[in-house]
Amino acid sequence: MKSSATIAARQLAVLAVPAAVAALLVACGGGSDTPTPATPTPPPPITLAVKGTAATGAAMANAAIKVSCATGSATATAGANGTFTVSITNGALPCVLTATSSDGATELHSVAAGTGHADTTANVTPLSELLVARLAGTDPKAFVTAFGATTAIATADVTAAQTALLQTLTAAGLDTTSVGDIVGGALTAGSGTGYDGVLDKLKIAVTTAGSTLADLTSAVASTSKLGSDTGTSTIGTVLAPAVADCAGLKTGALRVLDFSNGSNRVVQVDATALTAVDRGAKYTLKRNAACDYSLNDAATTRVLVSRSGIAALVQGSGLTGNVLVAIPEQKLDVAAVAGSYARLQYGGTAFDPVVGDFGDTEFAADGQNGVSMNCPTGYGACVKDTQTKGKLVANAGGGFDYMENGASQARVFGFRNASGRMLLVGIDSDGYFVALAAKDKLALPAVGRVASFWQFSINSAGLSAVTEDTNTVTAVDATANTATRKFTSDSHSDTIGFNTPFDGNRYRATNACTSSAGGAFNCNGVVQLPYGGFVLSVSSVASKHFLSVSVDK
């Protein structure tokens, strides 16, 4: 028989088991004393560093630097030597950069290509401005403004754009061999060597050419998608040395079209020496006034040069007088001519018989002449030309042949200005002259604008004398798209419409003039074709035929 003490001990042991189980349950998470797992430590933020130098040759000291990337943005102030560094937390390539000079007068742009977070170098210089223009095919500021998180800037594309740009600048006469990498290359502002030395040469070239960096940038952008011949020719014209007080007269070749016999030839001009070589003979250009010269040739040819570089050459007067038109020689790809044009034409061997006409036309990228409108019965009566059209074909001797049925009907030469506006001029053996300007919208002038110009005309009586005049814009009607001008010579006024009958044209109705006293004043109705300070006009009335030429001073 067991004792009562033994029984009690066993009972205590049995009671202890549930307590142990309870403790085990608590240890398995059944209670509130379980420790909370530690929060993982976040990785440290990634910092994208973008450094570079802002310079125009001289350092852009204290320039405001703005960097915008696919992810993140930052600003900084360049040091006295133009160097800068920005750090962008969690920033990611690509990036675009803007450097604004401390006086606000200069703004330049650049790019940092690629993807990811690797630190990078991006210089901001006139060359990077040109590089962005070449890469984007548009104004660099517009490209930078439109940049967003989804904008791709591939390293390979930047490299290709740089190669093409440097080749073009070299062909235009600028030695760029010291620049290995426009964006990422070593640059010491103000040193005059290496990359900086090329910036100095570029500044001198632009100044000597009477141009601006904005002109050159426009030329690079407007030709970026065209052939190398077009780019080299256009940029070469922008950078060609010019006469100090006449930016339109530049060193280089001029293509001269002769009204007397429909011929054309090349004349070489030296803007520094003021000489011209024509058919092997060397002549001197005597300055009469800015952009007004006389050649010491047998005809004492007067040379009037517009700001675009298009020039009128006037010889004598009357039925024995002659006119020649000269344009800077450019080798353009046929595709560069593609577009719609407003057109003026005037014909007749030695001005007899004379026919003047106007209209429009278009050319395809292969040079094929497309839809055209002719206005043989005057303003407001234009009709579609249903005749078979010709095609522009490159001529090895320069310009193009206008081919129809396998034969050349006329030689046509093209000129492209810095902004990309095209001018085509042609002439045939009958002395029939045609000019076509791209249908870009013409802007209304500001009230108070003063224009001084030379002018002369050609009609059945021959060539008139060259006269001078000035007009001042006295009123503008934006709704009617007209401007009223008052002329100094006799104080008469006229009202002229813009972009009519076609974009790129101006039109003055017959007798749309008033005398100095405000009464009626007889004046011819005209359709005008302006191009860079060179203006051609023909009668808007079918019964009259004349060609007037004016050149802005």
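As a basis for the values below, the full set of heavy atoms in this structure was taken, side chains included, without hydrogen atoms, waters or symmetry mates.
Taking OG of S408 as the reference point, atom CG of N395 lies at 7.5 Å (rounded to 0.5 Å).
Taking 4.5 Å as the limit, some side-chain heavy atom of L254 sits within range of a side-chain heavy atom of P328. In this structure the side chain of F502 reaches within 4.5 angstrom of the side chain of C382, judged on heavy atoms. For the pair N369 and T361, the minimum side-chain heavy-atom distance is below 4.5 Å. Counting heavy atoms from C-beta outward, L202 and L216 have side chains that approach closer than 4.5 Å. The closest side-chain heavy-atom distance from Y531 to D440 is not below 4.5 Å.
In this structure a side-chain-to-backbone donor-acceptor pair under 3.5 Å is present from K389 to D385. Proximity of a side-chain donor or acceptor of S218 to a complementary backbone N or O of A418 within less than 3.5 Å is not detected.
Remark: R302 engages D292 in a salt bridge, criterion side-chain N to carboxylate O under 4.0 Å. Using a cut-off of 4.0 Å between Lys/Arg side-chain N and Asp/Glu carboxylate O, R287 and D245 are scored as salt-bridged. For K439 and E362, the salt-bridge test fails: no basic side-chain N is under 4.0 Å from an acidic carboxylate O. Using a 4.0 Å cut-off between a side-chain N of Lys or Arg and a carboxylate O of Asp or Glu, R343 and D360 do not qualify as a salt bridge.
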With a 3.5 Å cut-off and sequence neighbours excluded, list the donor-acceptor pairs that the side chains of residues 308-315 form with protein atoms.
from, atom 1, to, atom 2, distance (Å)
S308, OG, S306, OG, 2.9
S308, OG, I310, N, 3.4
S308, OG, G532, O, 3.3
Q315, OE1, N322, ND2, 3.4
Q315, NE2, T301, OG1, 2.9

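Between V323 and I458, the shortest heavy-atom contact is CG2-CD1, 3.7 Å.
Between Y379 and Y507, the distance separating the two ring centers is shorter than 6.0 angstrom.
For the residue pair K486/N471, the side-chain donor-acceptor check at 3.5 Å is not satisfied.
Using a 30° and 60° split on the angle between ring planes, Y402 and F363 fall in the perpendicular class, above 60°.
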